[in-house]
Amino acid sequence: MVVSMINHSENLNQRLRMTGSSDPPFEDTYKNLFDNITNPIQKNFPELSTVVDECELPLIDLSHLMLGDSERKACKKQIAMASQEWGFFQVINHGISREILEKMRDEQMKLFKKPFDEKLSHKDLNFSAGSYRWGTPSATCLKQLSWSEAFHVTLSDVLGSRGQDNLSLTMEQFALMVSQLSQQLVDILADELGESANFFEKTCLPDTCYLRLNRYPSCPVYTRMFGIMPHTDSDFITVLHQDDIGGLQLVKDGKWFAVKPNQEALIINIGDLFQAWSNNIYKSVEHRVVANPLNERFSAAYFFCPSYDTVIRSGVEPCVYRSFSFGEYRKQVQEDVKVFGHKIGLPRFLVTN
């Protein structure tokens, strides 16, 4: 068994060397993790060795919101039911044209083609320091390493860049539209709970919401690597535009399913804050991205978040979770990732704790 694992480690490192220098430099930066493949913590990775079934998310046509009263009510009910049963759904006729989505993807691809040092230094980019992120700095084993890179910027940065280049103009156009869509959806979800949407209008502002541009490079050791580790989102809702490569997977009824890409749709998922605010009526579902051996994957995600001092409390009794601020929640998540290598999230805030 020891000889077998050593041979496997040598084969793994050989495949990494054959790919040449990567951008970002995953194999150089995390060399100790690849060299330490014989470690018992790393040798068993059942999550990625198991073939998962494909699923199609509930598909909701938002143009029905503009029709008669019965069609509008039925559409809102669909959104609420999908948020309860799946925590994920996809929308078409969402108001963002195919032209804008394709322009966003083209500019995103050009952005990630810049040399690594330029991305790292934000050279010629109107982004705040720390916007460029890649890998997983806290990773202690391969299953904690995300094989991806991203630019993570606030909506206020996007709107305030005043850049006249194609990237700035396209990001601003895309972000404004996806922000409006997010507000529309949380209004509907709040209304279906019998709650006022004023809470979101007052707390989810341009300097608290984020646009994240993602790239998942092809990965020679994809059977032992996530594009992004399993997680739930720490926001109210996320709006995702992805390409046709696939790789997004989610948990439904205790099993992992691969989400079938749909180029005509945007994907919406519920975050932790909405699950807590709705008292577990809407579900924040664990999801991940698996690495691809041949093709790189691109996606753009918009995170609808409140200010750090916003208090999350449910209007439904008895409350499943104690009241907490978003800042407190983020701090606890960061501490848990540092100590355990992964997020624990909402279970930390149960009333019984």
Side-chain angles (χ1 to χ4, degrees), residues 79-80 82-88 130 133 136-138 144 152-156 179 182-183 185-212 228-240 250-251 268-288 301-353:
I79 292 170
S83 299
Q84 293 176 46
E85 296 174 3
W86 283 79
F88 270 78
R133 305 174 183 186
T136 310
S138 60
Q144 294 177 358
H152 191 87
V153 296
T154 65
L155 178 59
S156 58
S179 173
S182 298
Q183 186 65 57
L185 292 172
V186 297
D187 286 355
I188 290 170
L189 288 168
D191 186 57
E192 289 297 307
L193 289 175
E195 300 288 344
S196 169
N198 290 337
F199 173 80
F200 302 103
E201 294 173 1
K202 294 177 180 177
T203 62
C204 297
L205 307 173
D207 61 344
T208 66
C209 297
Y210 293 86
L211 182 64
R212 184 180 179 99
I228 283 187
M229 289 172 54
H231 67 285
T232 57
D233 290 349
S234 300
D235 59 358
F236 281 111
I237 64 168
T238 304
V239 180
L240 177 74
L250 58 81
V251 173
I268 315 296
N269 68 275
I270 300 298
D272 297 343
L273 299 189
F274 223 144
Q275 177 167 326
W277 195 77
S278 70
N279 212 36
N280 275 357
I281 293 176
Y282 300 140
K283 301 298 190 295
S284 180
V285 171
E286 191 175 27
H287 53 285
R288 66 191 184 188
Y302 183 76
F303 300 99
F304 195 69
C305 302
S307 60
Y308 278 2
D309 61 356
T310 298
V311 175
I312 308 301
R313 107 173 26 91
S314 174
V316 182
E317 297 287 348
C319 290
V320 177
Y321 305 100
R322 66 173 178 82
S323 298
F324 57 88
S325 72
F326 184 40
E328 181 186 2
Y329 190 76
R330 290 282 296 167
K331 182 179 179 182
Q332 184 64 61
V333 167
Q334 291 165 358
E335 289 177 358
D336 286 338
V337 169
K338 185 176 181 180
V339 174
F340 302 105
H342 61 87
K343 168 184 172 180
I344 295 175
L346 285 177
R348 287 286 198 196
F349 296 86
L350 291 168
V351 169
T352 54
N353 283 356

> With side chain to side chain contact (heavy atoms under 4.5 Å, CB included) as the test, would you mind laying out the steps for Arg212 and Arg133 before giving the verdict?
CA-CA 10 Å; Arg212 184 180 179 99; Arg133 305 174 183 186; 4.1 Å; yes
> How close do Phe236 and Cys204 get, counting heavy atoms only, and between which atoms?
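Result for this residue pair: CD1-SG, 3.8 Å.
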> Assess the residue pair Asn269 and Val285 against the criterion (side chain to side chain contact (heavy atoms under 4.5 Å, CB included)); give the C-alpha distance rounded to whole Å, side-chain angles, the decisive distance to 0.1 Å, and a yes or no.
CA-CA 8 Å; Asn269 68 275; Val285 171; over 6 Å; no
> Which pairs pass salt bridge (Lys or Arg N to Asp or Glu O under 4.0 Å) with one or both residues in residues 331-340, sequence neighbours excluded?
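For residues 331-340: Asp336-Arg348.
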> Please round to the nearest 0.5 Å and tell me the distance separating atom CD1 of Ile268 and atom CZ of Phe88.
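Reported to 0.5 Å precision, the distance equals 10.0 Å.
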> Quick one: side chains of residues 189-197, donor-acceptor pairs under 3.5 Å with protein atoms, not counting sequence neighbours, listed by atom name and distance.
from	atom 1	to	atom 2	distance (Å)
Glu192	OE1	Lys77	NZ	3.3
Ser196	OG	Asn198	N	3.1
Ser196	OG	Asn198	ND2	3.3

> State the OH-OG distance between Tyr302 and Ser182, to the nearest 0.5 angstrom.
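Answer for the OH-OG pair, Tyr302 versus Ser182, is 5.5 Å.
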> Side chains of Leu350 and Val320: does their closest heavy-atom pair fall under 4.5 Å?
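The answer is yes; the side chains approach within 4.5 Å.
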> What's the spacing between Tyr321 OH and Gln275 CD if we round to 0.5 Å?
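Output value for this atom pair is 4.0 Å.
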> Return the minimal non-hydrogen interatomic distance between Cys305 and Tyr210, and the atom names on each side.
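Answer, listing the atom of Cys305 first, then Tyr210: SG-CD1, 4.3 Å.
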> Check step by step if side chain to side chain contact (heavy atoms under 4.5 Å, CB included) holds for Ser234 and Leu273.
CA-CA 6 Å; Ser234 300; Leu273 299 189; 5.9 Å; no
> Does Glu201 reach the side chain of Asp187, with side-chain heavy atoms less than 4.5 Å apart?
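With C-beta onward as the side chain, the pair touches.
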> Determine, using ring centers only, whether Phe324 and Tyr329 are less than 6.0 Å apart.
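Between Tyr329 and Phe324, the centre distance is under 6.0 Å.
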> Kindly give the heavy-atom pair with the smallest separation between Thr232 and Lys343, and that separation in Å.
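For Thr232 and Lys343, the tightest heavy-atom pair comes out as O-NZ, 2.7 Å.
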> What's the spacing between Phe304 CZ and Asp235 CG if we round to 0.5 Å?
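Rounded to the nearest 0.5 Å, the CZ-CG separation comes to 9.5 Å.
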> Can you check side-chain hydrogen bond (donor to acceptor under 3.5 Å, both in side chains) on Ser284 and Asp272, steps first, answer last?
CA-CA 5 Å; Ser284 180; Asp272 297 343; 2.7 Å; yes
> Where is the tightest heavy-atom contact between Thr203 and Phe199, given as atom of each residue plus distance?
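The pair with the smallest heavy-atom distance is OG1-O, 2.8 Å.
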> Nearest 0.5 angstrom please: Phe326 CZ to Thr208 OG1, how far?
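The CZ atom of Phe326 sits 8.0 Å away from the OG1 atom of Thr208.
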> Could you give the distance from OG (Ser179) to CG (Leu205), rounded to the nearest 0.5 Å?
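It comes to 10.0 Å.
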> Indicate the atoms forming the closest heavy-atom contact of Met229 with His342, along with that distance.
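The answer is CE-CB, 4.4 Å.
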> So, for Ile79 and Leu185, which heavy atoms are closest and what is the spacing to 0.1 Å?
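It is CD1-CD2, 4.0 Å.
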> Answer yes if the side chains of Thr310 and Ser307 hold a donor-acceptor pair under 3.5 Å, and no otherwise.
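Result is yes, a qualifying pair exists.
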> Can you check whether Cys319 reaches Asn279 side chain to side chain, under 4.5 Å on heavy atoms?
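Of all side-chain heavy-atom pairs linking Asn279 with Cys319, at least one is under 4.5 Å.
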> With sequence neighbours excluded, tell me which residues meet side chain to side chain contact (heavy atoms under 4.5 Å, CB included) with His231.
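Residues passing side chain to side chain contact (heavy atoms under 4.5 Å, CB included) with His231: Ile228, Asp233, His287.
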> Tell me whether the centres of the aromatic rings in Phe274 and Phe200 are closer together than 6.0 Å.
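Yes; Phe200 has its ring centre under 6.0 Å from that of Phe274.
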